[in-house]
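What follows is a short report on a single structure.
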Amino acid sequence: MKYIEWFGKNFIGLFEAGGEQFMSFMTGIVPLLIVLLTFTYSVIAFIGEERVDRAIRYCSKYMILRYSIMPMLSVMMLTNPMAYTFGKFVKEEEKPAFYDSVVSFLHPVTGLFPYANAGELFVYLGIANGVMKAGYSQSSLAVRYFLVGIVVILFRGIVTERLTKFLIAKEAKQVKA
């Protein structure tokens, strides 16, 4: 009987703890996300969608911008999963590399711009909690994630583009043979 009572008490306690956590999100992170998202869309509206579109088309011409600035802007302005739509600005053989860059940036952006990929927020907050318990700053972690993320997406984009072009050329040779 004791085990049944213990199970009943702790079973409902699990849901009570979940409810408390949910309420902390509703009073903490959710309003922050809404304000950040509103700010981003306001900036786009202020600049003008046409200008933003032209800037993205310009970035797509150059490899370094295509795999650094473009993924950053797409993730911060459109958020996950709409960020992939910036792929319409790149050539067909560059699309896998652009996709790789965007996907690779969805976690590093979370510390500074949590609205960009809310699904990763719980992972980031878990890591940040451990960093804070170790006596380090969460904001320092967020900035470092962001900066390392830029380097990683650039590297991955360039490598993936070269691999894609190599495989396309290899396949073209096999078709001719």
Side-chain angles (χ1 to χ4, degrees), residues 15-90 94-134 136-157 160:
F15 291 100
E16 288 172 346
E20 289 174 15
Q21 186 65 41
F22 177 74
M23 287 308 295
S24 73
F25 287 149
M26 294 305 293
T27 59
I29 195 69
V30 171
L32 173 66
L33 296 176
I34 291 170
V35 170
L36 282 170
L37 196 55
T38 303
F39 172 76
T40 301
Y41 285 120
S42 299
V43 168
I44 293 169
F46 180 73
I47 294 171
E49 284 188 44
E50 302 82 27
R51 288 186 179 136
V52 172
D53 190 59
R54 275 195 312 257
I56 298 306
R57 286 190 191 282
Y58 176 80
C59 288
S60 71
K61 295 178 186 177
Y62 305 99
M63 185 183 281
I64 291 177
L65 298 177
R66 184 169 51 244
Y67 302 122
S68 61
I69 301 298
M70 268 184 76
M72 278 184 356
L73 292 176
S74 69
V75 169
M76 290 188 294
M77 291 191 312
L78 299 178
T79 71
N80 188 25
M82 284 298 296
Y84 309 117
T85 61
F86 268 30
K88 71 181 181 180
F89 297 112
V90 299
E94 298 165 350
K95 288 183 192 278
F98 179 74
Y99 175 81
D100 190 13
S101 292
V102 171
V103 166
S104 299
F105 197 61
L106 289 173
H107 183 73
V109 76
T110 308
L112 293 177
F113 301 96
Y115 66 89
N117 191 20
E120 288 286 333
L121 186 58
F122 299 104
V123 174
Y124 173 77
L125 290 175
I127 295 166
N129 189 34
V131 167
M132 288 176 11
K133 283 184 180 177
Y136 298 103
S137 166
Q138 181 179 353
S139 58
S140 174
L141 173 69
V143 170
R144 289 175 185 189
Y145 263 10
F146 191 84
L147 294 175
V148 169
I150 294 169
V151 173
V152 168
I153 64 173
L154 177 60
F155 180 74
R156 288 182 65 129
T160 304

task = Please identify each residue that fulfils salt bridge (charged side-chain N to carboxylate O under 4.0 Å, His left out) with Glu94, with sequence neighbours left out.
result = Arg66
inquiry  = Going by salt bridge (charged side-chain N to carboxylate O under 4.0 Å, His left out), name the pairs with one or both residues in residues 104-124, residues two or more places apart or in two chains.
reply    = none
note = In this structure, CE of Met72 is separated from OH of Tyr67 (nearest 0.5 Å) by 16.0 Å
inquiry  = Going by the rule salt bridge (charged side-chain N to carboxylate O under 4.0 Å, His left out), which residues pair with Arg57 if we only count those two or more places apart in sequence or in a different chain?
reply    = Asp53
inquiry  = Taking the side chain as everything from C-beta on, heavy atoms only, tell me whether Val102 gets closer than 4.5 Å to Phe86.
reply    = no
ask   = Can you tell me how far CD1 of Ile64 sits from SG of Cys59, rounded to the nearest 0.5 angstrom?
value = 12.0 Å
query = Rounded to the nearest 0.5 Å, what separation is found between the CD1 atom of Ile47 and the CZ atom of Arg54?
reply = 11.5 Å
remark   = Sequence neighbours excluded, the answer for ring pair (Phe, Tyr, Trp, His ring centres under 6.0 Å) partners of Phe105 is Phe146
message = One pair to check against side chain to side chain contact (heavy atoms under 4.5 Å, CB included): Met70 and Leu65. What are the steps and the verdict?
response = CA-CA 6 Å; Met70 268 184 76; Leu65 298 177; over 6 Å; no
task = Work out which heavy atom in Pro71 is nearest to a heavy atom in Ser101; give both atom names and the distance.
result = CG-CB, 3.6 Å
inquiry  = Test of understanding: with side-chain hydrogen bond (donor to acceptor under 3.5 Å, both in side chains), list the residues that count as partners of Thr160, not counting sequence neighbours.
reply    = Asp100
inquiry  = To check you understand the geometry: which heavy-atom pair defines the closest contact between Pro114 and Gly111, and what is its length?
reply    = CD-O, 4.5 Å
inquiry  = Going by side-chain hydrogen bond (donor to acceptor under 3.5 Å, both in side chains), name the residues that satisfy it together with Arg51, two or more places apart in sequence or in a different chain.
reply    = none
Taking only distance into account, with no hydrogens and no angle test, what donor-acceptor pairs under 3.5 Å do side-chain atoms of residues 122-131 form with protein atoms, sequence neighbours excluded?
from	atom 1	to	atom 2	distance (Å)
Tyr124	OH	Gln138	O	3.4

query = Are any side-chain N or O atoms of Ser60 and backbone N or O atoms of Val90, one a donor and one an acceptor, separated by less than 3.5 Å?
reply = no
Under the side-chain hydrogen bond (donor to acceptor under 3.5 Å, both in side chains) test, residues paired with Ser139 that sit two or more places apart = Ser137
Do any side-chain atoms of residues 75-84 form donor-acceptor pairs under 3.5 angstrom with protein atoms, and if so which ones, sequence neighbours left out?
from	atom 1	to	atom 2	distance (Å)
Asn80	OD1	Tyr84	OH	3.3
Asn80	ND2	Asn117	OD1	3.0

ask   = Could you state the interatomic distance from OH (Tyr115) to OG1 (Thr38), rounded to the nearest 0.5 Å?
value = 10.5 Å
request  = Taking ring pair (Phe, Tyr, Trp, His ring centres under 6.0 Å) as the test, write out the residues that go with Phe155, two or more places apart.
outcome  = none
message = Which residues pass the ring pair (Phe, Tyr, Trp, His ring centres under 6.0 Å) test with Phe98, not counting sequence neighbours?
response = none
ask   = So Arg156 and Ile153, side chain to side chain contact (heavy atoms under 4.5 Å, CB included) or not? Walk me through it.
value = CA-CA 5 Å; Arg156 288 182 65 129; Ile153 64 173; 5.7 Å; no
ask   = Who passes ring pair (Phe, Tyr, Trp, His ring centres under 6.0 Å) against Tyr62, sequence neighbours left out?
value = Tyr58
